[in-house]
Amino acid sequence: MPLPRAERPSSLRDYAYAQLRDAIVSGELAPGERLRDSELAAWLGVSRTPIREAIARLEAAGLVHTRRAKETLVAPLDDRDAFAAQRIAASLHELAVRDAVSLLAEADIDDMRSANARFTAALKDGDVDAALAADDDFHAVAVRASANPLLPGLLEQVTPLLRRLERARFSTLAGRGSVGDHDRIIAACAAGDADEAARLTRENWLTLERLLTASRTDRPDHQETT
């Protein structure tokens, strides 16, 4: 069982959800691992009520499965589910950028550049956690600037599935969210070209499936099926 790394916030249910989500996404809680309310409550230092509420949110996000006997297991890695989530995330981020471009201030563009600089440094250092955090910070600028109150919650429903697959399949993060992709998005945003910025953002979010398909094709044991 992993150890908590964060201070508990005022909302214990949000704390429990975030800790369990991150442990599943990182692989500390492995696919197929059984989750017991009493153990999770003891681990996080909370009552069972926040744990049960967190489990319900995790199940809605496809990160855990509950069997008929009320046994809760960490969901297996499922490429199809992740790709379905990816398409939704791509559309949501495309919408965010399209709406945000006309509203972006120079400080927002600076925040994007700063996040991409941190992303670049993390990739060079091989720091997966820092790279993912910087990538999230980069895309969060447009989500925040779009002023659409529904987007954060909708993205929370699908993004953890993608991050989980990225960590499992591409530990070097050599693919989606490349520095060059970010640079082109920044340039389009700075130029006020909402259509181009939205197109580039969508493409940026849709690279995971192509990378995974390519990795399968490159394997020596790969065989084409008809």
Side-chain angles (χ1 to χ4, degrees), residues 1-6 13-36 39-40 43-44 51 53-67 71-93 115 118-119 122-123 126-140 143 151-178 181 201-216 219:
M1 186 70 70
L3 296 174
R5 305 184 192 86
R13 63 183 178 183
D14 288 345
Y15 166 76
Y17 168 75
Q19 290 293 296
L20 293 176
R21 177 202 61 201
D22 292 348
I24 292 171
V25 169
S26 70
E28 292 177 282
L29 288 174
E33 186 168 345
R34 184 174 180 182
L35 302 180
R36 297 176 174 85
E39 292 180 357
L40 295 175
W43 164 44
L44 295 177
I51 296 298
E53 292 174 344
I55 292 295
R57 289 177 65 185
L58 293 167
E59 187 159 23
L63 294 175
V64 305
H65 292 159
T66 301
R67 295 178 173 176
E71 179 184 62
T72 301
L73 305 175
V74 177
L77 283 169
D78 189 315
D79 294 355
R80 292 170 299 178
D81 286 349
F83 295 154
Q86 178 188 42
R87 296 183 188 104
I88 296 171
S91 296
L92 292 173
H93 280 285
R118 296 196 305 275
F119 183 77
L123 288 180
D127 188 335
V128 175
D129 289 334
L132 287 175
D135 193 40
D136 284 339
D137 289 346
F138 176 85
H139 291 287
V143 173
L151 282 175
L154 292 171
L155 285 167
E156 180 60 32
Q157 284 287 102
V158 295
T159 304
L161 280 175
L162 307 183
R163 292 308 197 196
R164 189 182 184 211
L165 190 62
E166 283 178 323
R167 284 176 176 274
R169 300 285 195 263
F170 304 106
S171 61
T172 62
L173 294 178
R176 200 193 65 70
S178 72
D181 286 348
T201 298
R202 181 177 180 82
E203 286 298 308
N204 179 241
W205 278 92
L206 287 176
T207 55
L208 179 60
E209 185 170 2
R210 293 194 292 272
L211 284 165
L212 188 58
T213 300
S215 72
R216 287 170 173 165
R219 289 203 302 259

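If you're wondering where the values come from, they're calculated on a predicted model, not measured in any experiment. In this chain, numbering begins with 1 at the start of the sequence shown.
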Peer 1: Is any side-chain heavy atom of Asp81 closer than 4.5 Å to a side-chain heavy atom of Arg164?
Peer 2: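 Asp81 does not reach Arg164 side chain to side chain.
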Peer 1: What pair of heavy atoms forms the shortest contact from Pro160 to Glu156, and how long is it?
Peer 2: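 Answer, listing the atom of Pro160 first, then Glu156: CD-O, 3.2 Å.
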Peer 1: Is it the case that more than 12 heavy atoms not belonging to Arg118 sit under 6.0 Å from its CZ atom?
Peer 2: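 Result for CZ/Arg118: enclosed.
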Peer 1: If every non-hydrogen atom of Ala82 is compared with every non-hydrogen atom of Leu162, which pair is closest and at what distance?
Peer 2: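 Looking at all heavy atoms of both residues, the shortest contact is O-CD2, 2.9 Å.
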Peer 1: Which distance, rounded to the nearest 0.5 Å, do you find between the OG1 of Thr159 and the CD of Gln86?
Peer 2: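 Reported value, rounded in 0.5 Å steps: 11.0 Å.
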Peer 1: Check the pair Leu92, Gln157 against side chain to side chain contact (heavy atoms under 4.5 Å, CB included), reporting the backbone distance first and the verdict last.
Peer 2: CA-CA 11 Å; Leu92 292 173; Gln157 284 287 102; over 6 Å; no
Peer 1: Could you grab the distance from atom CZ of Arg163 to atom CG of Leu132, nearest 0.5 Å is fine?
Peer 2: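 Reported value, rounded in 0.5 Å steps: 5.0 Å.
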Peer 1: Find the distance between CD (Glu71) and NE2 (His65) and round it off to the nearest 0.5 Å.
Peer 2: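 Reported value, rounded in 0.5 Å steps: 13.0 Å.
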Peer 1: Return the OH to CG distance between Tyr15 and Leu20, rounded to the nearest 0.5 Å.
Peer 2: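 The OH atom of Tyr15 sits 9.0 Å away from the CG atom of Leu20.
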Peer 1: Gly62 and Ala75: which non-hydrogen atoms are nearest, and at how many Å?
Peer 2: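 Reported closest heavy-atom pair: O-CB, 3.5 Å.
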Peer 1: Between Asp14 and Arg21, does any side-chain N to carboxylate O distance fall below 4.0 Å?
Peer 2: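 Salt bridge between Asp14 and Arg21, a charged N being under 4.0 Å from a carboxylate O: no.
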Peer 1: Run the numbers on Asn204 and His93 for side chain to side chain donor-acceptor pair (under 3.5 Å), then give the verdict.
Peer 2: CA-CA 10 Å; Asn204 179 241; His93 280 285; over 6 Å; no
Peer 1: In plain terms, say whether Asp129 and Arg167 are close enough for a salt bridge, that is, a side-chain N and a carboxylate O under 4.0 Å apart.
Peer 2: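 Yes.
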Peer 1: Main chain of Thr66, side chain of Glu59: is a donor-acceptor contact present, judged purely on distance under 3.5 Å?
Peer 2: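 Yes, Glu59 side chain to Thr66 backbone: donor-acceptor pair under 3.5 Å.
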Peer 1: Rounded to the nearest 0.5 Å, how far does CG of Leu40 lie from CD1 of Ile55?
Peer 2: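 Atom-to-atom, Ile55:CD1 and Leu40:CG are 6.0 Å apart.
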Peer 1: Return the minimal non-hydrogen interatomic distance between Leu44 and Ala16, and the atom names on each side.
Peer 2: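 Closest approach of Leu44 to Ala16, heavy atoms only: CD1-CA, 3.9 Å.
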Peer 1: Roughly how far, to the nearest 0.5 Å, is CG of Asp181 from CH2 of Trp205?
Peer 2: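 The CG atom of Asp181 is 12.0 Å from CH2 of Trp205, to the nearest 0.5 Å.
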Peer 1: Can you give me the closest heavy-atom contact between Trp43 and Ala23, atom names plus distance?
Peer 2: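 Minimum heavy-atom separation between Trp43 and Ala23: CH2-CB, 4.3 Å.
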Peer 1: Write down the atom of Ala122, the atom of Ala131, and the distance for their closest heavy-atom approach.
Peer 2: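 Smallest heavy-atom distance, with atoms named: CB-N, 3.4 Å.
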Peer 1: Does Ser91 reach the main-chain N or O of Arg87 with its side chain, forming a donor-acceptor pair under 3.5 Å?
Peer 2: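 At least one qualifying donor-acceptor pair exists.
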